[in-house]
Number of protein chains: 4
Amino acid sequence: MKVAFDPNMPIYIQIMDFIKKQIITGQLQQGEKLPSVRDLAAELQTNPNTVQRALQELEREGIAEARRGMGRYVTHEGEKIMEMKRDMSKELISAFVSGMEALGVSEEEMLMLVQSALEQRKGEAR
Amino acid sequence: MKVAFDPNMPIYIQIMDFIKKQIITGQLQQGEKLPSVRDLAAELQTNPNTVQRALQELEREGIAEARRGMGRYVTHEGEKIMEMKRDMSKELISAFVSGMEALGVSEEEMLMLVQSALEQRKGEAR
Amino acid sequence: MKVAFDPNMPIYIQIMDFIKKQIITGQLQQGEKLPSVRDLAAELQTNPNTVQRALQELEREGIAEARRGMGRYVTHEGEKIMEMKRDMSKELISAFVSGMEALGVSEEEMLMLVQSALEQRKGEAR
Amino acid sequence: MKVAFDPNMPIYIQIMDFIKKQIITGQLQQGEKLPSVRDLAAELQTNPNTVQRALQELEREGIAEARRGMGRYVTHEGEKIMEMKRDMSKELISAFVSGMEALGVSEEEMLMLVQSALEQRKGEAR
DNA sequence: GTGGTCTAGACCACC
DNA sequence: GTGGTCTAGACCACA
């Protein structure tokens with residue numbers, strides 16, 4: 001798996017997002033073992049310390065769990081994962097709505113803009 | 001005008017947004033004189049260097065213009081302002097749509113989520 | 001017997017404490033045979049290596065004794081057991097007193113806090 | 001100020017405790033500026049990264065606040081500081097009481113042991 | 001100057 | 001082998 005890091009954002013945050021995405025899409029299941037710090041670092045071509053930090057932050061968020069000498073695992077609590085999804089979508093929506101409001105865009109326009117963006121995507125995907 | 005800065009984002013970016021918002025809402029008109037660096041710094045209770053940087057960036061974007069010895073002005077070109085609005089809204093939309101897609105949210109759900117968020121806002125604003 | 005391990009402390013230390021507690025409460029008597037490494041590991045659902053290490057440390061402290069081919073036994077010397085108790089309580093007291101002192105808590109308050117904690121425990125135990 | 005680090009505990013935790021103690025004893029006041037990462041590292045003869053980590057953790061606990069380019073400050077919220085003190089004393093008490101209970105020490109004995117430890121301290125201090 | 005991030009390399013405790 | 005911590009040294013964004 002190739003990942004190109006955006007130089008404008010901390011790499012450790014991008015690693016967190018990368019793993020979260022894998023959990024969301026089911027590539028990583030509840031309770032499944034995560035790759036080791038060293039392996040992930042090799043795969044992502046970053047420093048192990050950076051990966052370590054990303055995983056530790058995920059742990060603080062309750063999404064990962066470390067077991068000494070045994071590696072790290074995705075949390076067993078499905079609730080935590082649902083919570084993560086909810087938080088992410090809430091954040092996306094509120095950023096969008098409040099940003100558009102500041103631009104003076106009406107509600108109808110917002111909905112129309114989203115719809116046309118979606119159609120455009122479909123066109124490109126073909 | 002009271003402005004609370006988000007400590008997780010560069011202040012100069014937040015100052016740029018603050019001024020852009022004023023242009024969009026018409027509080028600052030096309031070609032109108034902008035407050036001086038010193039005044040803005042006093043009003044926003046920030047370091048003048050930070051304000052300076054924000055205004056310089058706005059100049060780079062073509063939204064502000066400096067006239068030596070006379071201060072800075074909002075650009076006269078209406079086109080620039082329209083462009084700014086368009087860019088901002090495009091960015092907001094694409095961040096929203098691609099983010100939601102990654103979460104596995106369907107198109108219908110996206111529209112519904114936006115709608116319900118808008119209704120909630122109205123409720124709170126009362 | 002169910003034991004939940006605190007993930008912030010070495011498991012082998014927790015196993016040592018677990019066994020010490022059993023000796024103190026009399027569930028394990030002076031000179032009694034200790035369960036085998038394999039059995040303990042199965043009971044506690046841990047790695048046998050970890051149990052092995054815990055028992056070795058107990059040996060070093062003079063609390064357990066190994067007899068080749070016959071397993072491990074709680075020491076026969078009652079003195080050793082008393083010593084263990086004394087050490088543990090001394091450590092607990094000095095950690096408590098010096099910690100509270102650093103917090104600026106007066107002697108009277110310390111005693112009162114302990115008393116109220118004890119009463120609360122009784123309430124919960126009901 | 002000389003500080004000797006206990007090699008059995010993470011240094012960054014000890015730095016956290018060191019600063020907390022200074023806040024508790026009033027050597028650092030609410031809202032006061034903390035020494036910079038580099039200065040503290042020099043003073044404590046440790047690596048700046050280690051200090052950085054300690055301060056970041058304090059921030060997560062709400063005890064310190066960072067302002068970009070301006071340094072770090074003790075939180076302005078007195079409530080947070082009180083909370084910190086309460087947490088620390090609660091932890092000390094429950095560790096003591098539950099530890100003693102496991103040793104089979106009665107309530108009266110606990111209180112007596114604390115009292116005699118306090119008297120001994122006074123004797124030594126003379 | 002100040003905090004934030006990153007790399008490289010090392011050592012330790014634990015399993 | 002696995003996670004956790006630490007050092008040394010560097011670069012960047014920010015004020």
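Naming convention: chains lettered A, B, ... in sequence-line order (proteins, then strands); numbering from 1 in each chain.
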task = Could you state the atom-to-atom distance from CD of A/Q45 to P of E/dA8 in whole Å?
result = 11 Å

key: Residue mapping more 5' on DNA chain E - nearest nucleotide basis, A/T46 or C/M9   = A/T46

ask   = Does anything in residues 47-61 of chain B reach DNA chain F, meaning a heavy atom under 4.0 Å, and if so which residues?
value = B/N47, B/T50, B/R53

key: Phosphate-side-chain proximity, A/R68 and F/dT2, N/O vs OP1/OP2 below 4.0 Å   = no

ask   = Side-chain N or O of D/Y12 less than 4.0 angstrom from OP1 or OP2 on F/dC6?
value = no

inquiry  = Once rounded to the nearest 0.5 Å, what's the spacing between atom CD of D/Q52 and atom CD of D/E57?
reply    = 11.0 Å

query = Would a distance-only check, ignoring hydrogens and angles, find a side-chain to backbone donor-acceptor pair under 3.5 Å from D/Q14 to D/M9?
reply = yes

query = Rounded to whole angstrom units, what separation is found between the CD1 atom of A/I11 and the C1' atom of E/dA8?
reply = 14 Å

Side-chain donor/acceptor of C/S98 to backbone N/O of C/S94, under 3.5 Å = yes

Pair assignment for F/dC12, Watson-Crick or G-U wobble, requiring both distances under 3.5 Å = E/dG3

query = Can you tell me how far C1' of F/dA13 sits from CD of B/Q14, to the nearest Å?
reply = 14 Å

task = Calculate, to the nearest 0.5 Å, the distance between atoms CE and CG belonging to D/M100 and C/L92 respectively.
result = 6.0 Å

ask   = So, the side chain of D/Q29 versus the backbone of D/G26: is there a donor-acceptor pair under 3.5 Å, distance only?
value = yes

query = Short question: side chain of D/Q30, backbone of D/E77 - any donor-acceptor pair under 3.5 Å?
reply = no

query = Per the side-chain contact (heavy atoms from CB on, under 4.5 Å) rule, which among B/R72, B/Q56, B/R53 passes with B/V37?
reply = B/R72

task = Nearest whole angstrom, please: distance from the P of F/dT7 to the CG of D/L40.
result = 13 Å

note = Atom CD1 of D/I13 and atom C1' of F/dC6 are separated, to the nearest Å, by 14 Å

inquiry  = From CG of D/L34 over to P of E/dG3, roughly how many Å is that when rounded to an integer?
reply    = 9 Å

query = What's the OH-P distance between D/Y73 and F/dA15, to the nearest Å?
reply = 13 Å

Options E/dG4, F/dC14, E/dC15, nucleotide nearest the side-chain atoms of D/R72 = E/dG4

key: Value in whole Å for how far the C1' atom of F/dA15 lies from CE of D/M70   = 7 Å

key: Touch class at under 4.0 angstrom, heavy-atom based, for D/R38 against every strand present   = base

ask   = D/P10 has a side chain; which of F/dT5, E/dC14, F/dC14 sits nearest to it?
value = F/dT5

